[in-house]
There are 2 protein chains.
Amino acid sequence: MLNRIKNIRQQLTSAERRVADWVIENPNSVINRTLADIASVVDVSEPTIVRFCRSIGTSGFRDFKTRLTQHLAVTEHVVHADVSAEDDAEQIIAKVIGRSVKELIGVQQRLNASAVEKVVEALISVSRIDFYGIGASGFVVADAQNKFFRLGIPCNAYNDSPTILQAASITNPEYAVVVVSKTGSSKTVIEAAQTAVALGAKVIAITSPGSALADIAPQNLLVDINEDTGLYTPMSSRLAQLAVLDTLQVAVALRMGDRGQHSLDKTKQILSSTAKRQRR
Amino acid sequence: MLNRIKNIRQQLTSAERRVADWVIENPNSVINRTLADIASVVDVSEPTIVRFCRSIGTSGFRDFKTRLTQHLAVTEHVVHADVSAEDDAEQIIAKVIGRSVKELIGVQQRLNASAVEKVVEALISVSRIDFYGIGASGFVVADAQNKFFRLGIPCNAYNDSPTILQAASITNPEYAVVVVSKTGSSKTVIEAAQTAVALGAKVIAITSPGSALADIAPQNLLVDINEDTGLYTPMSSRLAQLAVLDTLQVAVALRMGDRGQHSLDKTKQILSSTAKRQRR
DNA sequence: CCATATTTGTAATTTTACTACATTAGTGAC
DNA sequence: GTCACTAATGTAGTAAAATTACAAATATGG
């Protein structure tokens with residue numbers, strides 16, 4: 001919604017643009033104000049505001065207001081405060097999960113669609129995929145390996161430095177290498193990424209923009225994770241990485257068509273028949 | 001919001017209750033309808049609806065409408081449609097992550113605060129914690145182990161059947177055992193939970209309500225995960241489990257006070273100094 | 001610098017929410 | 001059972017807010 005306004009801003013007439021600028025500056029104010037109200041603070045006429053609403057694709061001021069309300073409810077649905085020792089369980093639940101929700105929505109908005117498309121192209125063009133991640137990212141790559149494996153794609157996940165370095169040294173142009181790292185500054189993953197690039201593998205980095213790793217990898221999915229406020233483990237970055245990999249897996253599965261669906265069905269079938277056998 | 005209406009329902013007068021029932025049935029319709037509109041379909045007068053709005057704590061119909069809009073935007077912030085082969089990257093990102101967001105918000109609402117409190121009590125009363133999970137839950141418990149370990153709590157995660165059964169057989173009342181399972185029907189985890197309960201360990205299950213595992217474990221955090229629509233791997237359940245464990249870890253850390261904070265600081269310090277050393 | 005198109009504002013209209021008051025229905029005492 | 005009283009609901013009018021029609025002003029090209 002707000003993005004749409006920003007995108008279309010230059011196509012607007014000057015009075016409408018003044019409205020747009022004010023809305024972008026004070027989105028929350030729109031919800032509690034009336035048409036006349038806004039007209040007077042922005043110093044334009046009421047119809048101008050209605051025209052602005054139509055320009056950005058809504059049917060009128062009323063429609064614009066409800067849509068903005070919905071948009072803001074989602075993007076700002078967060079308990080902004082940090083957890084504190086006085087919080088009871090109810091508050092902790094709200095705050096911890098609220099932060100995760102915020103993080104996911106952030107990824108949803110920041111993740112670059114065309115970059116995703118390119119990465120998907122790369123992933124379906126190779127015959128195997130390796131995932132590298134150390135520390136907290138180690139769990140993420142293990143999960144990713146499982147996900148892609150179920151699509152029938154041969155793949156491995158490595159989470160310790162020596163093995164990652166060895167794995168990188170035996171890659172070739174038939175490999176895609178997905179390197180997951182929050183900071184993108186660990187020596188191991190950088191070295192591994194360099195090696196893989198040199199050997200012709202398609203290297204994809206899921207990391208922070210501007211990091212050393214991001215500079216090396218030709219295809220990047222840069223996820224700009226909000227820095228942790230210091231407290232507690234990096235849940236947010238893990239969640240963001242998982243979300244990116246979920247998206248990639250679904251996108252790859254769709255591009256693979258029946259082949260991927262078939263593999264999925266088979267793995268599911270095995271899982272459920274095992275469960276039944278065990279239940280007896 | 002809708003919960004509030006349900007709670008207050010019996011205190012309403014009969015005409016107001018008719019309004020409440022209609023709103024609960026058709027919450028989305030409220031957004032696009034006018035006061036007069038709703039009055040005619042519910043077959044009450046307009047002031048009755050305004051009175052209903054006041055009864056549930058809003059200042060009038062307008063206020064009620066925006067609040068409901070916000071509420072629905074958050075709880076239904078989802079592209080309802082499933083992903084399909086025709087979707088482009090943009091839509092896949094929106095749908096996949098949107099579903100995850102929905103799942104998290106669902107957990108946030110369903111997770112029982114008093115149950116969380118009891119579980120936290122149990123976790124801080126023991127000297128070590130074991131995490132059991134097989135298959136997809138295996139990744140979740142590995143992550144949990146890492147999280148709690150950083151608080152300075154001795155703990156282990158097991159993700160294969162024989163090891164889980166062995167681990168359960170050496171538990172004692174000084175152990176807390178956290179069993180993670182989506183279905184709660186796998187033979188291994190049920191058996192392990194039974195063994196641990198018999199040996200006096202505090203057994204906590206993160207699983208579906210009504211499952212066999214839920215019946216065994218004295219303390220349960222029941223997470224009622226929306227069944228997957230069939231497509232793709234169980235991302236939702238994994239996310240829900242992670243969210244529950246995140247919450248538990250934060251709650252435990254807060255209850256531990258300085259002791260937990262101190263351990264966290266130390267582990268963080270080590271991580272960053274290692275990173276620096278590697279960067280040289 | 002005039003003609004035309006575009007942008008913006010004024011004022012009237014319509015839609016919508018809200019309020020004051022009247023009517024009806026319900027409840028308990030005798 | 002009915003009268004008095006209270007609570008609940010509706011009617012009709014009012015105020016407020018959004019929208020529209022049209023006119024004035026501003027910009028643009030020949």
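Each chain gets a letter, A, B and so on, in the order the sequences are listed, and its residues count up from 1. Only this structure's heavy atoms are used, side chains among them; waters, hydrogens and symmetry mates stay out.
Of all the heavy atoms in A:Lys6 and A:Ile24, the pair that sits closest is CG-CD1, 3.7 Å. Scanning all heavy atoms of the two residues, the minimum distance from B:Val140 to B:Gln241 falls at CG2-OE1, 3.4 Å. Contact detail for A:Phe64 and A:Val23: the closest heavy-atom pair is CZ-CG1, 4.0 Å. Minimum interatomic distance between B:Arg33 and B:Val41 (heavy atoms only, all atoms of both residues): NH1-CG1, 3.7 Å.
For DNA chain C, the span of nucleotides reached by chain B at under 4.0 Å from its heavy atoms goes, 5' to 3', from C:dT16 to C:dT19.
Taking CD of B:Glu16 as the start and CD1 of B:Ile5 as the end, the distance is 11.5 Å to the nearest 0.5 Å.
Remark: side-chain polar atoms of A:Gln91 are paired, donor with acceptor, to backbone N or O of A:Asp88 under 3.5 angstrom.
Under a 4.0 Å N-O distance rule, the pair B:Asp143/B:Arg238 does not qualify as a salt bridge.
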Practice problem: Using a 4.0 Å heavy-atom cut-off, write out nucleotides 9-27 of chain D from 5' to 3' as B (base contacted by protein), S (sugar-phosphate only) or - (no contact). | Solution: BBB-----SSBB-------
